[in-house]
Amino acid sequence: MPTPHALNAFYAQSGGVTSVINASACGVIETARKHPDRIGTLYAGRNGIIGALTEDLIDTSTEPAEAIAALRSTPSGAFGSCRYKLKSLEKNQREYERLIEVFKAHGIGYFFYNGGGDSADTCFKVSQLSQSMGYPLQAIHVPKTIDNDLPLTDCCPGFGSVAKYVAVSTLEASFDVRSMAATSTKVFVLEVMGRHAGWIAAAGGLVADHGIPVVVLFPEIEFDAARFLARVDALVQQHGYCSVVVSEGCHHPDGTFLAEQGARDAFGHAQLGGAAPVVAQMVKEALGHKFHWAVADYLQRAARHIASATDVKQAYELGQRAVELALEGRNAVMPTIERTSDVPYAYTLGAAPLESVANVEKPMPRDFISDDGYGITEKCRRYLLPLIAGEDYPAYKDGLPVYATLRNVAVPKKLPAFALA
């Protein structure tokens, strides 16, 4: 049982969910429960930071240990997430002050925010405001993003599992195309997430190790239609088929995305139809090859059934480490992964100041991309392989995975209602 002097904690999930964000939640909650002398009740925000603003808090102490443990193998966000970016302190101080009011009303002294770059920024601003308002609060950011673009950490929880899904899906679809190429589809195009960084697309390049002819289109490399079509045609002529993995952020030299092909909606806005169908149509019109395309979309980030064992382990460990950092008295930091060896894969856990993390994106290094811009290098391969290694299958029943759904019992409100901006 918590002691009378223990401070309560608040945890929230932010942004697009992943197959392992609940593993981080599990790490946070289970570790907090091991320190009842320091941490009292751990509240979760229903639908992320919105839950804090509207005082819609969930009492995680009502969940039995086995339910919390089951989060480790459950995809998506168990408490609900949101895409809600708090503006700057200057433009919307009322929301930040509201957070402090809610934390004060519920005796919260620890703030764990599980998300990407925007979440790191929010976490940092909350820590700054709490200091300026004289309210003691330790704000710890728990990293999460399938885009793998947070700085100062070797990788981000969520990425390894998406990379595994994309690599496996590209491999399997390529086998399908190869078997039918003589009389049917010759080019398969898979669109993956990654608007500004090509980490996910790079995972598709791993299939080259299996003899698959593949072209990868990165946001870091400006798209050259003539070069791309020549490359695809050469591979089809040589192998009879070709697979293309295109990042949603692939763009022309002028910065417009591939999906912006001049089409306009009724309001005159550029109409985006997705990169995959645009690329496939280019292939059809210029080369005449039969094609199929697919968009991985939510499937890639929800696929807990094929999650990377490395990713699940790291997601849990970073949630655990976030609580340990708070108990050590740290504030405005993010636990990080520091790689010490590729083979055998080894890493340690560190910590980075949020002021150096917030609003900083880490693109793919140029030396991870092949000279022609259409594949990955051996250095990239060494980086990726440990992150997709191992399987951590959930339990199955009647042919389907068994996933947890929490009760999410609401905490009685103490403050007046608050309208979101």
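None of these values were measured; they are calculated from a predicted model.
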Margin query: Within the structure provided, determine whether M364 and C380 are in side-chain contact (heavy-atom separation under 4.5 Å).
Written below: yes
Check: Atom CG of L406 and atom CD1 of I58: how far apart are they, to the nearest 0.5 Å?
Finding: 8.0 Å
Check: Does the distance from a Lys or Arg side-chain N to an Asp or Glu carboxylate O, for R321 and E317, drop under 4.0 Å?
Finding: no
Notebook entry, point to check: Any side-chain heavy atom of S119 sitting closer than 4.5 Å to one from H141?
Noted result: yes
Checklist line | Spatial distance of atom NZ (K313) from atom CG (L318) [nearest 0.5 Å] | finding: 10.0 Å
Next item on the list: Measure the spacing between CZ of R381 and CD1 of I376 and express it to the nearest 0.5 Å.
Entry: 8.0 Å
Next item on the list: May I ask you to say whether K413 pairs ionically with D56, meaning some side-chain N is under 4.0 Å from a carboxylate O?
Entry: no
Note to self: Which label fits F368 and W199: parallel for a plane angle under 30°, tilted from 30 to 60°, or perpendicular past 60°?
What the structure shows: perpendicular
Next item on the list: Give me the one residue out of V187, V215, I212, V214 that meets side-chain contact (heavy atoms from CB on, under 4.5 Å) with L235.
Entry: V215
Notebook entry, point to check: Does T185 reach the side chain of H289, with side-chain heavy atoms less than 4.5 Å apart?
Noted result: no
Next item on the list: Using the six-membered ring wherever Trp is involved, compare the ring planes of Y345 and Y347 and label them parallel, tilted or perpendicular (cut-offs 30° and 60°).
Entry: tilted
Notebook entry, point to check: In terms of ring plane angle, is the pair F111 and F103 parallel, tilted or perpendicular, where the classes change at 30° and 60°?
Noted result: tilted
Check: Roughly how far, to the nearest 0.5 Å, is the CG atom of N331 from the CG atom of L354?
Finding: 8.5 Å
Margin query: Nearest 0.5 angstrom please: L129 CG to L86 CG, how far?
Written below: 10.5 Å
Notebook entry, point to check: How far does CD1 of I388 sit from OH of Y165, to the nearest 0.5 angstrom?
Noted result: 14.5 Å
Notebook entry, point to check: Does any non-hydrogen side-chain atom of Y241 lie less than 4.5 Å from one of F188?
Noted result: no
Check: In terms of side-chain geometry, is the basic nitrogen of E97 or R94 positioned less than 4.0 Å from the acidic oxygen of its partner?
Finding: no
Note to self: Are E248 and V295 packed together at the side-chain level, in the sense that at least one heavy-atom pair is separated by less than 4.5 angstrom?
What the structure shows: no
Notebook entry, point to check: Does the ring centre of H252 sit less than 6.0 Å away from the ring centre of F223?
Noted result: yes
Check: Are E222 and P253 close enough that some pair of their side-chain heavy atoms sits under 4.5 Å apart?
Finding: yes
Next item on the list: Using the six-membered ring wherever Trp is involved, compare the ring planes of F79 and Y11 and label them parallel, tilted or perpendicular (cut-offs 30° and 60°).
Entry: perpendicular
Item checked: Note: K85-D121 ion pair, threshold 4.0 Å (strictly below) -> yes
Check: Has R178 got its NZ or CZ under 6.0 Å from the middle of the six-membered ring of F175, at an angle within 45 degrees of the ring axis?
Finding: yes
Checklist line | Beyond-backbone contact of V192 with V246, side-chain heavy atoms, under 4.5 angstrom | finding: no
Check: Any chance the side chains of E30 and Y316 put a donor and an acceptor closer than 3.5 Å?
Finding: yes
Margin query: Quick check: do I49 and L99 have side-chain heavy atoms less than 4.5 Å from each other?
Written below: yes
